[in-house]
Amino acid sequence: MKKFLKITAAIVILLLIFYFGFFKYRQIQSNKVLIPSATHTLYKINVDELYKTFAVSYLKHPSQYSGTDKKGINEKVTDLNTGIKIPANIYLYDLKGKIKNTFFSRFEIVDSLAFKSFILKKLSLTEKDINFFQSADSTICLLFNKKAVALAFSPKKESVKTALEEILAQKNMVKISDSKFEQMAALSDHLSFQNAENLSKINFTDGKIVFSSELVNKWIEPALQPKHRVLNPQSTVSMWLNGKFKSVLSNKSAIASSSVFSKDNFLRFYTGYLDFEWTNTVKQVDTITTYEYNDEFEQVEKKVARERKIPGISINMSANDQEVSNYLKSSGFLDQSTGKISAAMIPLYQVYFKGSNGNIQLSTLSNAKPDLKMESANDFFYLKIDLKKLVKQIPFFDKLNIFSQFKMNAKSTGKDKIKIESELLFVNQDANALMQLLKTWRNTGKNNSLDFNFKYNIDIPVNK
């Protein structure tokens with residue numbers, strides 16, 4: 001028995017060594033890829049990490065991936081018979097001088113006959129020149145030989161053949177390890193992209209999408225020691241920002257606009273702190289004026305009270321409250337006796353104004369009283385949206401019913417640099433987030449413009 005267990009353990013260890021060695025080898029090989037020296041932004045899809053994540057999710061929650069076709073993802077990709085080799089990492093790049101969001105890439109061809117059949121039958125491309133194919137709208141272009149294919153995706157028609165010829169022949173190319181994108185090769189994130197100002201990463205786990213980005217900050221000067229008001233954790237939406245907009249610092253003498261809520265006026269009055277809170281739905285009574293004819297056929301005014309449900313919203317902003325109050329009064333936007341903002345300025349809801357101690361508040365709640373007590377934080381920006389409550393309160397957002405919560409925060413990481421982190425949680429916490437997105441996309445018919453007439457489906461997790 002001991003001998004059997006030893007043999008079994010040895011086999012398992014050898015299989016694990018082979019497994020991790022195989023994937024490590026694929027990573028090393030895929031990261032030897034050459035990219036154009038004119039690359040402006042580099043995008044990386046870590047195919048192997050996605051495969052491993054899907055496999056672990058399937059093993060943990062097999063019932064989430066039920067379907068008529070029991071084949072795995074790898075088998076399904078093979079069934080497409082594209083004729084191209086899928087590397088451990090797929091690199092896409094946009095080039096300087098090309099239309100924004102035009103992406104290029106290069107793949108090895110392992111079966112030229114299968115590849116040509118794939119682009120003609122599945123992609124429905126048309127041959128425009130020898131081995132140069134385009135889609136009907138010219139947004140997809142391919143140029144290939146017996147060993148490789150260079151491809152381009154563009155949002156609109158653009159001349160890309162010269163660039164494809166250089167990519168296919170690997171002219172004016174450099175190794176990733178010798179480029180400014182060197183760190184991209186070592187990343188294990190599912191999706192990542194980098195340009196001169198931004199490095200971002202996206203990962204898809206069970207029931208959650210995690211996003212992070214480190215970027216050059218051109219817009220906000222974060223507070224050195226961020227603080228914020230204590231907001232209601234049960235709110236539908238909570239947001240706060242503690243920092244000054246750089247446009248304020250460079251344009252303090254901006255002339256006020258005629259609109260109280262214009263960008264110029266906001267930048268004029270704002271002094272470094274803003275928060276927004278959407279609590280539960282509240283009832284608001286409005287007076288509607290109509291006109292009717294009396295018995296003498298004279299048009300008379302009639303006022304009717306109307307009760308409706310609206311979002312309970314409060315906005316607090318640090319500002320010279322007396323200056324803002326005077327501006328609203330002089331512009332005729334504020335009823336001093338009631339604190340109401342004129343319906344001519346905000347027609348949708350009845351909004352009330354309060355100002356004191358260097359703070360102004362705009363709220364749909366007539367009895368809202370701002371608590372100006374502040375607490376310290378590491379982040380200068382925070383946003384949380386309870387998507388379950390949002391869908392219940394506004395049915396218009398019913399397409400978001402697969403999500404439960406969205407959170408985002410930002411912190412300063414140095415001079416003119418910030419780090420943004422966010423996560424999107426799903427109602428179904430057992431199925432992989434990317435697979436759930438694909439299912440929703442397919443069911444709503446939004447993928448018609450991208451399916452390229454594929455006669456192919458991936459089993460997507462079922463909802464609970």
Side-chain angles (χ1 to χ4, degrees), residues 33-45 47 80 82-84 86 89-107 109 115-145 148-174 179-181 184 190-200 202 211 213 215-216 218-219 399 434 437-438 440-456:
V33 67
L34 301 177
I35 62 173
S37 56
T39 297
H40 176 262
T41 305
L42 185 63
Y43 302 81
K44 176 180 176 180
I45 304 172
V47 178
L80 274 175
T82 61
I84 62 175
I86 304 299
N89 296 293
I90 295 174
Y91 286 97
L92 307 174
Y93 24 85
D94 66 7
L95 307 179
K96 296 176 182 177
K98 294 299 179 183
I99 293 176
K100 188 177 181 179
N101 296 326
T102 296
F103 306 113
F104 296 84
S105 193
R106 185 180 186 277
F107 293 89
I109 294 177
F115 174 72
K116 197 162 186 177
S117 175
F118 171 74
I119 64 175
L120 290 173
K121 296 180 179 179
K122 295 291 180 69
L123 299 185
S124 301
L125 303 185
T126 303
E127 189 169 14
K128 297 295 183 180
D129 202 350
I130 299 176
N131 291 338
F132 179 67
F133 288 74
Q134 284 184 328
S135 60
D137 57 4
S138 301
T139 57
I140 303 173
C141 298
L142 301 177
L143 180 67
F144 64 94
N145 54 32
V149 55
L151 64 155
F153 302 90
S154 180
K156 57 184 178 180
K157 188 174 181 179
E158 182 181 11
S159 177
V160 296
K161 189 175 180 183
T162 300
L164 290 176
E165 289 173 343
E166 291 190 353
I167 292 171
L168 185 63
Q170 296 191 303
K171 292 181 180 179
N172 300 317
M173 309 278 272
V174 296
S179 73
K180 58 187 177 183
F181 304 101
M184 289 279 284
H190 295 154
L191 305 178
S192 52
F193 58 93
Q194 180 186 358
N195 57 26
E197 300 176 341
N198 186 355
L199 173 61
S200 298
I202 304 175
F211 170 86
S213 183
L215 62 155
V216 175
K218 298 180 179 179
W219 315 278
K399 299 298 182 184
L434 179 58
L437 283 180
L438 290 173
T440 302
W441 193 17
R442 185 180 66 188
N443 289 347
T444 54
K446 298 298 183 183
N447 60 333
N448 292 338
S449 61
L450 295 177
D451 61 13
F452 310 124
N453 297 318
F454 282 1
K455 298 174 182 176
Y456 167 74

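Model, not experiment: these values are computed from the prediction. For this chain, numbers begin at 1 and follow the sequence in order.
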Next item on the list: Quick one: pull up NZ in K116 and CZ in F133 and give me the separation to the nearest 0.5 Å.
Entry: 5.0 Å

Check: Does the R106 side chain pair with the main chain of L168, one donor and one acceptor, at a distance under 3.5 Å?
Finding: yes

Checklist line | Student check: side-chain heavy atoms of I140 and L123 closer than 4.5 Å | finding: no

Next item on the list: Would you indicate whether the side-chain heavy atoms of K128 and K161 approach each other to under 4.5 Å?
Entry: no

Item checked: Interatomic distance, L125 atom CG to F118 atom CZ [nearest 0.5 angstrom] -> 8.5 Å

Next item on the list: Indicate the atoms forming the closest heavy-atom contact of N145 with A148, along with that distance.
Entry: OD1-N, 2.8 Å

Note to self: Is the shortest side-chain heavy-atom distance between L199 and Q194 below 4.5 Å?
What the structure shows: yes

Checklist line | Given F211, Y91, F181, Y43, the one that forms ring pair (Phe, Tyr, Trp, His ring centres under 6.0 Å) with F193 | finding: Y43

Next item on the list: Nearest 0.5 Å please: distance from the OG1 atom of T41 over to the CG atom of N195.
Entry: 4.0 Å

Check: Hey, what do you get for OG (S159) to CD1 (I99), rounding to the nearest 0.5 Å?
Finding: 10.0 Å

Note to self: On a heavy-atom basis, which atom in E158 and which in G97 lie closest, and how many Å separate them?
What the structure shows: OE2-O, 4.4 Å

Margin query: side-chain contact (heavy atoms from CB on, under 4.5 Å) for Y93 and I167? Distances and angles first, verdict last.
Written below: CA-CA 11 Å; Y93 24 85; I167 292 171; 3.7 Å; yes

Item checked: Shortest non-hydrogen separation from A152 to V160 and the atoms involved -> CB-CG2, 4.1 Å

Notebook entry, point to check: Does the side chain of I35 come within less than 4.5 Å of V174's, by heavy atoms?
Noted result: yes

Notebook entry, point to check: Say you draw a straight line from OG1 of T39 to CG of D94; how long is it, rounded to the nearest 0.5 Å?
Noted result: 8.0 Å

Note to self: Tell me if a side-chain donor or acceptor on E166 pairs with a main-chain N or O of Q170 at a distance below 3.5 Å.
What the structure shows: no

Check: What are the two closest non-hydrogen atoms of T102 and F104, and how far apart are they?
Finding: CG2-CE1, 3.7 Å

Next item on the list: Please lay out, stage by stage, how T440 and K399 fare under the test side-chain contact (heavy atoms from CB on, under 4.5 Å).
Entry: CA-CA 9 Å; T440 302; K399 299 298 182 184; over 6 Å; no

Notebook entry, point to check: Can you find a pair of side-chain heavy atoms, one from I202 and one from S192, that are under 4.5 Å apart?
Noted result: no

Item checked: Atom NZ of K180: over 12 foreign heavy atoms under 6.0 Å -> yes

Item checked: Rounded distance (nearest 0.5 Å) linking atom CG of L34 with atom CG of N172 -> 11.5 Å

Check: Are any non-hydrogen side-chain atoms of F115 and L142 less than 4.5 angstrom apart?
Finding: yes

Check: Do the non-hydrogen side-chain atoms of S105 and F107 ever get within less than 4.5 Å of each other?
Finding: yes

Check: Of all heavy-atom pairs between E165 and L143, which one has the smallest distance, and what is that distance?
Finding: CG-CD2, 3.4 Å

